[in-house]
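For reference, the structure is listed below as structure tokens.
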Amino acid sequence: MNHRRLALLAVAAIALWPAAVAAQANRQPRYVTPPLRDDEQIMPSQVVEPPPPAKPKPPADEANLTDPDAKAPPAKPAPSKPAEPARAVTCSAGAFAKHSGHLRLAQVYGVHNVDFTQVSGDDGSTLMASVLFPNDPKRRLEVLWDDDAQREGTRMIVIEGQSTWVAQKGVRLGLSLAALEKLNGKTFSLMGFDKGGMAIVSDWNGGALGLLTDGCRIGVQLKPDPKATSTALGAVPPDKEFVSNDPAIRAAKPIVGEIIVAY
């Protein structure tokens with residue numbers, strides 16, 4: 001409504017006001033209230049005061065500040081962190097499949113948790129690899145590619161050091177010789193300890209660890225007990241192959257020291 005219309009309404013109201021007052025003065029009431037007797041009068045004591053309006057209840061968190069007996073509201077559960085993917089290397093699908101790559105690792109484990117860098121190879125050489133969790137020894141995992149330029153085509157996955165990653169069939173670092181035989185379902189063959197102190201499995205002899213169906217193979221190197229004597233280690237030279245239940249091998253009490261999953 002504009003100002004002109006407001007002014008017109010105001011003028012009309014002022015013009016009608018005296019007539020309205022006169023009409024009200026000349027108007028007679030239609031009903032007349034009869035006078036009340038003394039016994040019909042309402043005494044002051046009979047007047048009932050209406051109850052005061054109820055005060056609104058404060059919210060639960062404010063009630064705790066004013067009422068010491070009030071129960072605290074239940075705490076809101078903290079937002080749960082997304083679960084970390086399992087530390088298991090599986091070849092059939094996922095981040096470690098044959099056609100995986102560095103980008104796929106970053107998508108699954110986070111771009112800040114994957115670094116493409118140099119890793120140690122045989123005889124002091126260096127290789128390029130994508131390293132998962134490079135600054136966390138227990139979560140570290142090395143993945144080498146067929147194509148280093150494109151960083152794709154999984155060639156091998158290396159579990160070593162203090163890593164807690166697990167390969168197929170439950171193979172993990174620290175397993176004893178007897179436990180590895182149990183996973184394989186039978187004895188296996190291995191070479192003696194080399195100058196680096198490792199004994200490589202040469203043949204699973206038809207056991208479960210040599211019959212994987214997802215396209216990859218498991219290679220294992222065992223390291224002797226730190227307390228093994230030089231005499232015990234000298235009894236298993238690197239140029240000779242042994243069966244895992246050979247007493248000379250057993251005397252060194254070897255455990256799994258490195259796992260290589262390769263295509």
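Positions are given from 1 along the sequence.
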* Can you list the residues that meet the side chain to side chain contact (heavy atoms under 4.5 Å, CB included) rule with Thr164, with sequence neighbours excluded? -> Arg87, Lys138
* Check Ser100 against Ala95 and note the closest heavy-atom contact, atom names and distance. => OG-O, 2.5 Å
* Can you list every side-chain hydrogen bond (donor to acceptor under 3.5 Å, both in side chains) pair that touches residues 147-157, not counting sequence neighbours? -> none
* Roughly how far, to the nearest 0.5 Å, is CG of Asn113 from CG of Leu105? -> 11.0 Å
* **All side chain to side chain contact (heavy atoms under 4.5 Å, CB included) counterparts of Leu127, not counting sequence neighbours** => Val119, Leu144
* Structure fact -> Correct closest heavy-atom pair for Phe116 and Ser130 would be CD1-OG, 3.5 Å
May I have the list of side-chain donor-acceptor pairs in residues 255-263 shorter than 3.5 Å, sequence neighbours left out?
residue, atom, partner, partner atom, Å
Glu258, OE1, Gln221, NE2, 2.7
Tyr263, OH, Cys91, O, 3.0
Tyr263, OH, Phe96, O, 2.6
Tyr263, OH, Lys98, N, 3.2

* Using the test side chain to side chain contact (heavy atoms under 4.5 Å, CB included), find all partners of Ser202 that sit at least two apart in sequence or belong to another chain. => Ser189, Met191, Glu241
* Asked: With respect to Leu180, which candidate in Leu190, Thr187, Val220 satisfies the side-chain contact (heavy atoms from CB on, under 4.5 Å) definition?
  -> Val220
* Tell me the salt bridge (Lys or Arg N to Asp or Glu O under 4.0 Å) pairs involving residues 156-185, sequence neighbours left out? -> Glu181-Arg250
* Asked: Is Trp165 reaching over with its side chain to a backbone N or O of Arg139, donor-acceptor style, under 3.5 angstrom?
  -> yes
* Asked: Are Val143 and Leu212 in one and the same hydrophobic cluster, where Ile, Leu, Val, Met, Phe, Trp and Tyr link if side-chain heavy atoms are under 4.5 Å apart?
  -> yes
* Which distance, rounded to the nearest 0.5 Å, do you find between the OG of Ser244 and the CD1 of Ile249? -> 8.5 Å
* Going hydrophobic residue to hydrophobic residue with side-chain gaps under 4.5 angstrom, can you get from Phe133 over to Val108? -> yes
* Quick one: pull up CG in Asp136 and CG in Leu141 and give me the separation to the nearest 0.5 Å. => 12.0 Å
* Side-chain contact, heavy-atom cut-off 4.5 Å: Pro224 with Leu233? -> yes
* Asked: Please, which pairs that meet ring-ring contact (aromatic ring centres under 6.0 Å, His included) have at least one residue in residues 195-234, sequence neighbours excluded?
  -> Phe188-Trp204
* Asked: Considering residues at least two apart in sequence or located in another chain, which fulfil the side chain to side chain donor-acceptor pair (under 3.5 Å) criterion with Glu142?
  -> Arg140
* If you group Ile, Leu, Val, Met, Phe, Trp and Tyr by side-chain heavy-atom gaps below 4.5 Å, do Met156 and Trp145 land in one group? -> no
* Asked: Remaining members of Val166's ILVMFWY cluster at a side-chain heavy-atom cut-off under 4.5 Å?
  -> none
* Asked: Does one hydrophobic cluster hold both Leu183 and Leu173, with members joined at side-chain heavy-atom distances below 4.5 Å?
  -> yes
* **Donor-acceptor pair, side chain of Asp225 and main chain of Pro254, under 3.5 angstrom** => no
* To do: Kindly state each residue pair satisfying salt bridge (Lys or Arg N to Asp or Glu O under 4.0 Å) with at least one member in residues 228-240, sequence neighbours excluded.
  => none
* Asked: Would a 4.5 Å heavy-atom cut-off, applied to side chains only, mark Ile159 and Val171 as touching?
  -> no
Ignoring hydrogens and angles, write down the donor-acceptor pairs under 3.5 Å from the side chains of residues 192-200, residues two or more places apart or on other chains.
residue, atom, partner, partner atom, Å
Asp194, OD1, Gly196, N, 2.9
Asp194, OD1, Gly197, N, 3.0
Asp194, OD1, Met198, N, 2.9

* Has the side chain of Asp115 got a donor or acceptor atom that lies under 3.5 Å from a matching backbone atom of Val131? -> no
* Asked: side chain to side chain contact (heavy atoms under 4.5 Å, CB included) with Ala106: which residues, sequence neighbours excluded?
  -> Val111
